[in-house]
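This report refers to the structure that appears directly beneath it.
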2 protein chains.
Amino acid sequence: MEARAKVMKALGHPSRLFIVDELSFGERCVCELTEMIGADISTVSKHLTLLKKAGIVLDDRRGQQVFYRLRVPCILNFFGCIEAVVKETGGGE
Amino acid sequence: MEARAKVMKALGHPSRLFIVDELSFGERCVCELTEMIGADISTVSKHLTLLKKAGIVLDDRRGQQVFYRLRVPCILNFFGCIEAVVKETGGGE
DNA sequence: CCATCACTTGGCAATATAGCCAAGTTTCGG
DNA sequence: CCGAAACTTGGCTATATTGCCAAGTGATGG
């Protein structure tokens, strides 16, 4: 459970969830994600490191840039269910 | 993303993940879950409150006991994917 | 080489979580 | 009513997370 919780925890942050969603469209470099998220690049880098340690993404350095991509596409199936949960709670709360 | 992350975050704890797994077999009262988890009942109650606020479980008082059950069964589909992630990382790390 | 771009890592302060004990609430049994 | 069982909530400390800035690393262009 410990290991499983770690994976879920990695997804329990708006920016990281955004990253996973964005990577579903293809790989992105840190600078692209940083621009989209609007936080410091060091912050985004740390989020990516965490996702990588959780086994969710893979990194690939090409030249000066580091590209990230999803390692486990099945994560994307989560979104439908999450959406259902959020809708049931009325989004409010 | 904020709302979605909240749901994922609720699942990002070993005890809570255990609870969700256990509830997949049917409803359980707080005392049963407490015994299985081996923590203080107040701690378990707080975990359940959090899961409830996240929209993942429902509670139902019957007499002196409060029974909890899954509100969104599709959560159970997560386990297969999570397992795949954990296995890929070698369980280690 | 050297400056620069693209990152990562270290360090730190602010905030959030976790879990225990104690106290309060609800529901019964007698 | 009274006490006990089953929970929930408050309070508090220990620990973990976040996110910024600053400093360090790696690859490139000139």
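In what follows, every chain begins at residue 1, and chains take the letters A, B, ... in the order their sequences are listed. Not measured: the values here are computed from a predicted model.
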Report task. Mark up nucleotides 18-25 of chain D, 5' to 3', with B wherever a protein heavy atom is under 4.0 angstrom from a base atom, S wherever such an atom reaches only the sugar-phosphate, and - elsewhere. Result -> SSBBB---

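In this structure, A:Met1 atom CE and C:dA18 atom P are separated by 16 Å, rounded to whole Å. The CG-P distance, from A:Leu11 to D:dT17, rounds to 14 Å in whole Å. In this structure, NZ of B:Lys52 is placed 7 Å from P of D:dT9, rounded to the nearest angstrom. To the nearest angstrom, P of D:dA6 lies 11 Å from CD of B:Glu32. Counting to the nearest Å, the C1' atom of C:dG24 and the CD1 atom of B:Ile41 are 14 Å from each other. Put simply, CD on A:Gln64 is 6 Å from C1' on C:dA6, counting in whole angstrom units. In this structure, CE of B:Met8 is placed 18 Å from C1' of C:dT17, rounded to the nearest angstrom. Distance A:Asp60 CG to C:dT8 P: 12 Å, rounded to the nearest Å.
Here the straight-line distance linking atom CG of A:Leu58 with atom CD of A:Glu27 works out to 10.5 Å at 0.5 Å rounding.
The hydrophobic cluster containing A:Ile37 does not contain A:Leu50, counting ILVMFWY residues as joined when their side-chain heavy atoms lie under 4.5 angstrom apart, directly or transitively.
Phosphate proximity of D:dA6 to B:Tyr68: absent, as no side-chain N or O sits under 4.0 Å from OP1 or OP2.
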Using residues 67-74 of chain A as the side-chain source, report each donor-acceptor pair under 3.5 Å to any protein atom, sequence neighbours left out, with the distance given to one decimal.
{"unit_1": "A:Arg71", "atom_1": "NE", "unit_2": "A:Gly55", "atom_2": "O", "d": "3.3"}

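With a 4.5 Å cut-off on side-chain heavy atoms, B:Ile75 and A:Cys81 count as touching.
A:Phe78 and B:Phe78 have parallel rings, their planes meeting at less than 30° on a 0 to 90° scale where 60° marks the start of perpendicular.
The backbone N or O of A:Gln64 sits nowhere less than 3.5 Å from a side-chain atom of A:Arg62 that would complete a donor-acceptor pair.
Evaluation of the salt bridge (Lys or Arg N to Asp or Glu O under 4.0 Å) test over residues 28-42 of chain B, restricted to residues two or more places apart or in two chains, returns B:Glu22-B:Arg28.
When heavy atoms are screened at a 4.0 angstrom cut-off, B:Phe67 is found touching no nucleic acid atom at all. B:Gln65 comes within contact range of the sugar-phosphate backbone alone, with a heavy-atom separation under 4.0 Å but no base atom that close.
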